[in-house]
Number of protein chains: 2
Amino acid sequence: MNYMAFLSFLEQSDESFKSVCRRTYVENQRVISVKKESTAIKNLKKILDAVFYISVKKGFTAMTMRDLSNHTGLSMGAMYAYFKSKDDLLNIILTQGMSMISRVLENIMKLHADPQLQLEAVIKAHIYLSEKERSWFYFMFMEAKKLSPKDLKAVKNAEYYTEKILVDILQAGAKSGVFNDQNHVMTASIIKAMQQEWYLKRWKYSSRDITVDAYTDYVLGFVKSFCWKNNGGQ
Amino acid sequence: MNYMAFLSFLEQSDESFKSVCRRTYVENQRVISVKKESTAIKNLKKILDAVFYISVKKGFTAMTMRDLSNHTGLSMGAMYAYFKSKDDLLNIILTQGMSMISRVLENIMKLHADPQLQLEAVIKAHIYLSEKERSWFYFMFMEAKKLSPKDLKAVKNAEYYTEKILVDILQAGAKSGVFNDQNHVMTASIIKAMQQEWYLKRWKYSSRDITVDAYTDYVLGFVKSFCWKNNGGQ
DNA sequence: GTCTATAGTGCGATAGAC
DNA sequence: GTCTATCGCACTATAGAC
C-alpha cells in the first residue's frame, strides 16, 4: 500500500476530513446550538481549518478569537454557537483527533494476519495519516499538554494505545520466529519516534523534496534491519 | 562514556547550568541593567528555572509575568531589569540554548577520530545533554516556532547543523568502509528523531524506570544494526 | 537593585437586534 | 443562525518611592 492507495482506503472507511467534522458535530450536539447539519458541518470545517492554520504558526494560546473570526469569516458570536469556550474548542479537537487515529489504525490492522505485513501496514498507515492530516497531528502534539489532568491522561493513554498495537505485532512475530526477540516496548517507542518525526519536522522534508513514500520506505528499512530475523533483506 | 562520565566532561568544559547563566549575562549586558555579576547570575538562574518549570506545564505564551514573579520571588519590576520584554526573554533563552548545544557537540567530536566511536559519542552526548538540561531542550522545541522569521531561521539552521555533524561522520565512515553506504541525510534525520524522543516523551520513560543509559544503548543498537557494516555485532 | 501601584491594552465571552 | 457592540477582566510594562 502506497500513499495513493491509503487515501482510497480512507475514503472507503469514511474518514475524510468532512466525515470527521460530521462526527464532531453529531458527538457534540449538546454543546452546538446550530440545528441544520449541513451548515454546522460546513462551518465546523472552516473553524478547524482556521484553528490549525493559525495555531501551527503561533500556538493555540496565542491565537485570539478575533484571529479565528477573521480567518473563518464568521463573527465572534456566530463561532460561539459551535463551542462553549476556547478551552472547549481545544478539547473537541484533541478528542476527535485521537479517536480518528484509533479508528484508522484498527481498520488497517484487520487487513493482514501475517506479523511482518501487519507491522509494515501499521507503520505506513500512521505516517500516511499524519501526512493527510498533518496540521491536526502537529496541533495535537503541541497543544496536548494544555489540557486538564484528566484529559491529559486520555492523551497519554492514546499514546500507549498506538504503542501497544506495535508491541502486540512485534510479540506475535517474535513468537512465530519472523522477528528478533528484543525489548518490544522500546522498539515500539522508537518506531513511534520515527513516525512523529514526519509531522513534527515536515518543513525539513518539504524543502528537500522527500515524499511521504520515500520517508516511509526509509523508516521501514531501518525497522527491518533491526527487527526482521536474517537482517531484513539488506 | 556513560551518563556519569558525561557529567564530568561537562564540568571540565565549563558547561554547568551556572556557567551558561554567566554566558547569558555577559552576552546580554547591553540589555541587563543589573551591574553586580553575582547577583545577576543568581537571579538569571532563578528566572530560567522558573520559566522552564512553568512553560513545560502550560507553554510560554500562557505563562504570565505574575506567574514568573511568584515563582522567582522577584517582583515584576525587578525582573524587567533582566530583559526588555517577554519576547526578549524568549529570544535570550532560545539563542543561549542553541549555542550551548553546538559548543558541547563540537567538544565531544574532538575526543575521537574513528567514525564508529565518533558516531557513538555524538549520539550519546546529545541524549545525555538533553537529559541534563531536559526542560531547556523541551522548551526550545515547543517554543521555537513563536520566534520572528529571522530567528526561526536560526533555529532551523541549528537543526541542520547538528544533523550535518552526523552526516559528516556517516560519510567518513562509509568512505573508510565501516558503515553501509546509504542516504546519510535520511539516516541522520532519523537518528535525530530518536534523540528527540528522549526529551519530548520523558514522562513515558520515567514511568517505566528506563534510565538514560538504557535508552541510549537501545538507540545505539538500532543505529548499529542499520549503519554498521556486517550488521553491528547483533 | 528592588519594591508597589497603576496606566494602558487587548482579551474571552455575551446580550440583544435582525 | 449570525451580527454588532460592549462589558469586565487580566495582561504586559513602567513610573516613582525606597
Side-chain angles (χ1 to χ4, degrees), chain A residues 21-22 24-26 28-47 50-51 54-55 57-93 143 146-148, chain B residues 21-22 24-26 28-47 50-51 54-55 57-93 143 146-148:
Chain A
C21 288
R22 179 177 301 114
T24 306
Y25 172 64
V26 173
N28 292 281
Q29 268 181 325
R30 49 192 177 74
V31 169
I32 300 175
S33 66
V34 179
K35 291 302 160 217
K36 200 177 161 204
E37 179 167 311
S38 64
T39 312
I41 293 174
K42 194 185 68 194
N43 283 338
L44 257 182
K45 191 172 170 319
K46 269 190 200 168
I47 292 171
V51 169
I54 303 164
S55 300
K57 292 199 171 172
K58 56 180 181 181
F60 185 77
T61 319
M63 177 196 78
T64 69
M65 299 312 278
R66 285 168 182 80
D67 287 339
L68 199 55
S69 170
N70 290 337
H71 273 82
T72 53
L74 294 167
S75 71
M76 301 270 285
M79 287 190 312
Y80 274 91
Y82 293 89
F83 42 82
K84 285 203 302 283
S85 66
K86 199 184 170 191
D87 270 4
D88 184 46
L89 174 60
L90 175 62
N91 232 292
I92 290 175
I93 295 176
E143 311 298 344
K146 286 152 202 166
L147 287 170
S148 67
Chain B
C21 288
R22 179 177 302 112
T24 305
Y25 172 64
V26 173
N28 292 280
Q29 269 179 327
R30 49 191 177 73
V31 170
I32 300 176
S33 67
V34 179
K35 293 300 161 218
K36 200 176 161 203
E37 179 166 311
S38 64
T39 312
I41 292 173
K42 195 186 69 194
N43 283 338
L44 257 182
K45 192 173 170 318
K46 269 190 200 168
I47 292 171
V51 168
I54 303 165
S55 300
K57 291 198 172 172
K58 55 180 182 179
F60 186 76
T61 318
M63 176 194 79
T64 70
M65 299 312 278
R66 281 172 183 78
D67 286 340
L68 198 55
S69 170
N70 290 338
H71 272 81
T72 54
L74 293 168
S75 71
M76 302 269 286
M79 288 189 312
Y80 274 91
Y82 294 88
F83 42 82
K84 286 202 304 283
S85 66
K86 199 186 171 190
D87 270 3
D88 185 46
L89 175 59
L90 175 62
N91 232 292
I92 290 175
I93 295 177
E143 311 298 344
K146 285 152 205 167
L147 286 171
S148 66

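Predicted model only: the values in this text are computed from it and were never measured. Lettering of chains follows the sequences in order, A, B, ..., and the numbering in each one begins at 1.
When distances are taken from the side chain of B:V34 to each of D:dG1, D:dC11, C:dG1, the shortest belongs to C:dG1. Closest approach to the B:M76 side chain among C:dG12, C:dG1, C:dA5 is made by C:dA5 (side chain taken as heavy atoms from C-beta onward). The side chain of A:N43 approaches D:dT2 more closely than any other nucleotide in the set C:dT2, D:dT2, C:dC11. In this structure, the nucleotide among C:dT2, C:dA13, D:dT2 sitting nearest to the side chain of A:T39 is D:dT2. Relative to the side chain of B:S75, the nucleotides C:dT2, C:dA13, D:dT2 differ in distance, and C:dT2 lies closest. You'll find that the side chain of B:A78 is closest to C:dC3, out of C:dC3, D:dT14, C:dT14. Picking from C:dT2, D:dT2, C:dG12 the nucleotide with the shortest atom distance to the side chain of A:T64 gives C:dG12. The side chain of B:Y80 sits closest to D:dT14 out of C:dG12, D:dG1, D:dT14.
One atom, CG of A:L68, and another, P of C:dG10, lie 19 Å apart when rounded to the nearest Å. Atom CG in A:D67 sits about 14 Å away from atom P in C:dA13, given to the nearest Å. Note: CZ (A:F83) to C1' (C:dT14) measures 13 Å, nearest angstrom. D:dA13 atom P lies 8 Å from atom NZ of B:K86, rounded to whole Å. Rounded to an integer number of Å, the gap from A:Q29 CD to D:dG1 C1' is 15 Å. Atom C1' of nucleotide D:dG1 and atom CG of A:L74 are separated by 10 Å, given to the nearest angstrom. The distance between atom CE of A:M65 and atom P of D:dG8, rounded to the nearest whole Å, is 21 Å. Rounded to an integer number of Å, the gap from CZ of A:F60 to P of C:dC11 is 14 Å.
Relative to the ring axis of B:F60, B:K86 places its NZ or CZ within 45° and under 6.0 Å from the centre.
Contact check on A:K58 versus A:D67 returns a salt bridge, with a Lys/Arg side-chain nitrogen under 4.0 Å from an Asp/Glu carboxylate oxygen.
Residue-level contact check: B:M63 touches the backbone only, with heavy atoms under 4.0 Å from sugar-phosphate atoms and none from bases. Counting any heavy atom pair closer than 4.0 Å across all strands shown, B:S33 reaches no nucleic acid atom.
With rounding to the nearest 0.5 angstrom, the NE2 atom of A:H71 is 10.5 Å from the CE atom of A:M63. The distance from atom OG1 of B:T24 to atom CD1 of B:I32, rounded to the nearest 0.5 Å, is 7.5 Å. Interatomic distance, B:S148 OG to B:N91 CG, rounded to the nearest 0.5 Å: 6.5 Å.
With hydrogens and angles ignored, no donor-acceptor pair closer than 3.5 Å exists between the side chain of A:R66 and the base of C:dG10.
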